[in-house]
Amino acid sequence: MNSHTALQETFIHARSYFPSLGSTYGGHPVLFFDNSAGAQVSKFVIDRVTDYYIHRNAQKGTIFKRTADMQQVIVDARQLAADLIGAADHREIAFGQNATNFFHLFAHHLGRDLAAGDHIIITEADHHANVNPWLELAEQGIHVHTWQVDDEGNLDMAHYRELLALKPKVVAAGWASNATGTIHPMKEIASLAHAAGAFVVADGVQAASHMAIDVKEADVDFAAFSTYKIFGPHMGFGYFNRDRLDRLDGWKIGRELIEDAYFFEVGSQNHEGIEGFIGSMEYLAQVYRDAEQNGLSLAGTTLSTARPKRQELAGAMHFAHLYEQQLTRHFLDRLAEIEGVVLYGKGAASAEERLPVFSFNIEGIDTDALGHALNKAGVEARTGNYLAIRLMDRLAGDFGGGALRISLVHYNTIEEIDKFFGIVKDCLHKLSR
Ligand SMILES: Cc1ncc(COP(=O)(O)O)c(C=O)c1O
């Protein structure tokens with residue numbers, strides 16, 4: 001089997017682990033194309049959550065075995081998150097409500113070390129989750145600068161260098177866009193930021209559901225992720241580079257909280273969700289084993305020398321990214337057949353620099369009406385700005401700052417894409433009559 005076919009075999013089979021993917025709507029098989037908002041979960045997650053409620057449903061801080069087992073689950077889950085993103089170990093991970101909450105926590109803690117007159121850089125490309133918490137610091141007299149994008153939605157590196165001359169204390173940037181699917185050069189962003197003396201806070205939410213990421217290789221200081229976009233329950237987790245925490249004065253206040261609560265994990269947590277997250281990692285490990293059986297290998301990649309669990313989890317995401325590139329190329333080819341399409345972000349010439357997340361409008365067609373017509377035909381996809389508010393205003397201003405977004409992940413198929421374009425054709429025919 002060549003690698004193209006092995007990837008197809010692996011990921012068409014991966015689909016069978018998801019009980020929700022065979023659903024129908026009004027007699028139509030559902031095409032679930034809203035994955036950038038949140039992915040479906042596999043049976044591994046469902047089984048884990050059920051098992052939690054039967055065997056480990058307990059609160060922290062007692063001597064019961066049930067509690068000890070539950071607390072071990074949290075440490076194990078943190079370790080798996082560390083393996084997935086390449087953190088040193090479980091002590092660099094905290095679970096919490098969602099990614100947005102982590103950005104607020106990071107801004108709160110980093111903000112304690114900032115003074116009026118200090119500078120922060122945010123980007124025009126980011127989801128508002130990594131924008132608002134920093135804008136709030138402007139109320140303390142901190143200057144918050146927006147790093148602009150070019151006409152294709154790419155971060156403008158020349159503008160970044162200009163802003164770095166201000167010697168900012170923080171750079172908050174996304175690893176990949178939830179609107180255009182563009183992958184940002186996080187390693188370069190972080191290295192330039194560090195040279196200017198800034199901490200880097202990365203939004204890893206979109207990147208982590210499509211590709212293997214490595215927080216150490218990219219050398220970011222803080223990052224946040226949504227577990228529900230990585231095929232798990234509705235929660236998030238944060239990464240913080242422990243070696244850098246000592247540089248923060250404000251951090252030392254409340255350091256005694258670190259022991260049990262890992263500082264960011266104060267208060268009670270969503271234990272059932274954390275156990276469900278373990279299920280999502282068991283799923284990725286299974287995908288990795290399936291890929292290996294189909295002859296795929298990590299030889300020649302940096303993951304080939306990684307610790308074994310990281311090989312499985314990040315390895316599955318590495319293969320997912322390769323497979324998703326097949327989906328991306330096919331989707332872009334089919335999209336080009338539609339007259340009047342305005343796609344935001346990178347086109348077919350640079351397909352490998354993007355994720356299969358496609359935002360577009362069609363000249364002469366009301367995008368919301370198209371969204372409704374697609375939904376009636378069983379396509380679950382959204383219209384709007386997906387909270388990438390500034391980016392969509394900049395790119396899709398002519399269409400009111402919104403677009404239709406089709407966001408695919410590795411359990412989607414070429415066949416689904418073809419079905420989708422058949423439905424689009426019918427809808428356009430009806431809408432333009
Ligand atoms: C890039 C990006 N960042 C942040 C978020 C917010 O994540 P959460 O719901 O976990 O706060 C999203 C959600 O769509 C996103 O796409």
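In this chain, numbering begins with 1 at the start of the sequence shown. Both ligands and their constituent atoms are indexed starting at 1 by order of listing. Quick note: numbers below take in every heavy atom, side chains included, and nothing from hydrogens, waters or symmetry partners.
Against a heavy-atom cut-off of under 4.0 Å, Ser226 is close to the following atoms of ligand 1: 7 (O), 8 (P), 10 (O). Of all atoms in ligand 1, numbered sequentially from 1 with element shown, those under 4.0 Å from a heavy atom of Asn178 are 1 (C), 16 (O).
Of the charged side-chain nitrogens involved, at least one lies within less than 4.0 Å of a carboxylate oxygen, so that Glu312 and Lys309 count as a salt-bridged pair. Ion pairing of Arg244 with Glu92 is absent here, as no side-chain N (NZ or NE/NH1/NH2) approaches a carboxylate O to less than 4.0 Å.
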Test Glu272 against Tyr53 for side chain to side chain donor-acceptor pair (under 3.5 Å), laying out the working first.
-> CA-CA 7 Å; Glu272 50 276 53; Tyr53 278 121; 2.6 Å; yes
Carefully, step by step, assess Phe331 and Phe358 under the rule ring pair (Phe, Tyr, Trp, His ring centres under 6.0 Å).
-> CA-CA 9 Å; Phe331 191 95; Phe358 310 96; 4.1 Å; yes
Run the side chain to side chain donor-acceptor pair (under 3.5 Å) check on His271 and Glu275 step by step: do they pass?
-> CA-CA 6 Å; His271 300 163; Glu275 176 126 12; over 6 Å; no
Steps toward side chain to side chain donor-acceptor pair (under 3.5 Å) verdict (Asn412, Tyr323) | CA-CA 10 Å; Asn412 292 117; Tyr323 172 65; over 6 Å; no
Full working for salt bridge (charged side-chain N to carboxylate O under 4.0 Å, His left out) between Glu324 and Arg354 | CA-CA 10 Å; Glu324 286 187 12; Arg354 59 146 39 250; over 6 Å; no
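Closest to atom 16 (O) of ligand 1 among all protein heavy atoms lies Gln206 NE2, 2.9 Å. Among all protein heavy atoms, the one lying closest to atom 9 (O) of ligand 1 is Tyr228 OH, 2.4 Å. Ranking protein heavy atoms by distance to atom 11 (O) of ligand 1, first place goes to Thr100 OG1, 2.5 Å. Annotation: atom 13 (C) of ligand 1 to nearest protein heavy atom, Lys229 NZ, 2.8 Å. Here the heavy atom of the protein found nearest to atom 15 (C) of ligand 1 is His127 CD2, 3.3 Å.
Between Phe95 and Phe237, the angle of the ring planes goes over 60°, which puts this pair in the perpendicular group of the 30/60° scheme. Using a 30° and 60° split on the angle between ring planes, Tyr228 and His234 fall in the parallel class, below 30°.
Contact annotation for Ala129 and ligand 1: only side-chain heavy atoms (C-beta onward) come within less than 4.0 Å of the ligand. Contacts of Tyr386 with ligand 1, taken as heavy-atom pairs under 4.0 Å, are absent altogether. When heavy-atom distances to ligand 1 are checked against a 4.0 Å cut-off, Asp203 comes that close only through its side chain, counted from C-beta outward. Residue contacts with ligand 1, taken as heavy atom pairs separated by less than 4.0 Å, involve Val205 solely via side-chain atoms from C-beta onward.
Of the polar atoms of Asn101, none of the N or O atoms is found under 3.5 Å from an N or O of ligand 1, judged by distance alone. The shortest N or O to N or O distance between Ala176 and ligand 1 is not under 3.5 Å.
Residue Gln97 places every heavy atom at 4.0 Å or more from ligand 1. Distances from ligand 1 to the non-hydrogen atoms of Phe102 include no value under 4.0 Å.
The number of heavy atoms from other shown groups lying within 6.0 Å of NE2 (His372) does not exceed 12.
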